[in-house]
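Notes to accompany the following structure.
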Amino acid sequence: MPELPEVETVRRGLHELIIGRTVVASKSDNPKSFPNASGQVESFLLGATITGIRRRAKVLMIDLSTNYTLVIHLKMTGQLVYRGKRAFGAGHPTDSLVGELPDKSTRVTLTFTDKSKLFFNDQRKFGWMKLIPTDEVWALPFMQKVGPEPLEDDFTPLQFAERFTRRARTSIKAALLDQTVIAGVGNIYADESLWGAKLHPQRQVNTIMPAEFGALYTELRLVMNRAIDKGGSTDRNYVNVEGKRGSYMDFARVFRREGMECTRCGTTIIKFKATGRGTHICPHCQQP
DNA sequence: CACTTGACCTGTCCGC
DNA sequence: TGCGGACAGGTCAAGT
């Protein structure tokens, strides 16, 4: 579910709300959601103070004073929602997608010194969190393989195009979704940026011209920066740390807009299956 | 090695 | 209403 802009929105929210808090209790319902290998929770999480929140690709890292890090992947339906008794004492905000917590999709609950809580909800149970020594996080296989952050200041159009040479014979959409090519792109921003660059998702990578890669680079950064600005996209499940939806879908140009008119040319947006994923294009702007 | 497919889960929506 | 099947924003392991 969450892609780079959604995970970044969660990171910012956690930074506001839980830095400096000390964990006093941890409850997990589902061992796959939060395995407690050899009692690490008792040794390195309980009593630990949160010192920092980082993000790499779609992975969140909550750094602890014990020199351990909670590494978290939300996958398709994961949510991290913070509740302090003050703000939510009398019912919950009407714009929240999440009701009383815990609920039936709550997999992990962390409680802080002041009784406020961080809930890890995950309907489909694909997501996970793990306790890992902070200086070993970089050595995780995913961290070793994942591509560059597309929004970094020093990431150039030339570097962007170069990353795709390893996937020469696959489709541009499959390559965009490959986390080892570029970090953090998922189905929504793949479709949105391909529309912006007027590229058909099934174009073979090695037929794409330098100028087209340049357009895709610009559109991907534009779309992702705008999405961060809007607090991410809520298609079904995604919420921020306050349980509220993101508003990027109000600005989407093809994603979930099948049957509606292209804002550029008026042609009807269509949806089909590509790379096993729902794919949205304007058939006039994006020719094969 | 490059590439594709199936598996991991639960919930919802759509057609009969 | 009930039921079966398709589908949902991500990654891995295992297959060709």
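In the text below, chain A, chain B and the rest are named by the order of the sequence lines, each starting its count at 1.
Here the C1' atom of nucleotide C/dA8 and the CD atom of A/Gln79 are 14 Å apart, to the nearest Å. Rounded to whole angstrom, the span from the CG atom of A/Leu60 across to the P atom of C/dG10 amounts to 15 Å. Rounded to an integer number of Å, the gap from A/Leu140 CG to C/dC12 C1' is 15 Å. In this structure, CZ of A/Arg277 is placed 8 Å from P of C/dA8, rounded to the nearest angstrom. For A/Arg169 and B/dT4, the CZ to C1' distance is 14 Å, given to the nearest whole Å.
The shortest distance between the side-chain N/O atoms of A/His73 and the OP1/OP2 oxygens of C/dT11 is below 4.0 Å. For A/Lys273 and C/dC7, the shortest distance from a side-chain N or O to OP1 or OP2 is below 4.0 Å. For the OP1/OP2 pair of C/dA8 and a distance below 4.0 Å, the side-chain nitrogens and oxygens of A/Lys271 include at least one atom meeting the criterion.
The ring of A/Tyr248 has its center no closer than 6.0 angstrom to the ring center of A/Phe255. Aromatic pair A/Phe34/A/Phe120: ring centres not closer than 6.0 Å.
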Walk me through whether A/Ser171 and A/Val205 qualify under side chain to side chain contact (heavy atoms under 4.5 Å, CB included).
CA-CA 6 Å; A/Ser171 68; A/Val205 167; over 6 Å; no

Pairing pattern in dot-bracket form [Watson-Crick, G-U; both distances under 3.5 Å; | = partner strand] for DNA chain C
.|||||||.|||||||

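For A/Lys145, the listed nucleotide lying nearest its side chain is C/dC12; candidates were C/dT11, C/dC12, B/dC3.
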Could you encode protein contacts along nucleotides 8-14 of chain B as a string, one character per nucleotide from 5' to 3', using B for base contact, S for sugar-phosphate-only contact and - for no contact, with a heavy-atom cut-off of under 4.0 Å?
BBBS---

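Contact check of residues 180-187 of chain A against DNA chain C (heavy atom, cut-off under 4.0 Å) returns A/Gly186, A/Asn187.
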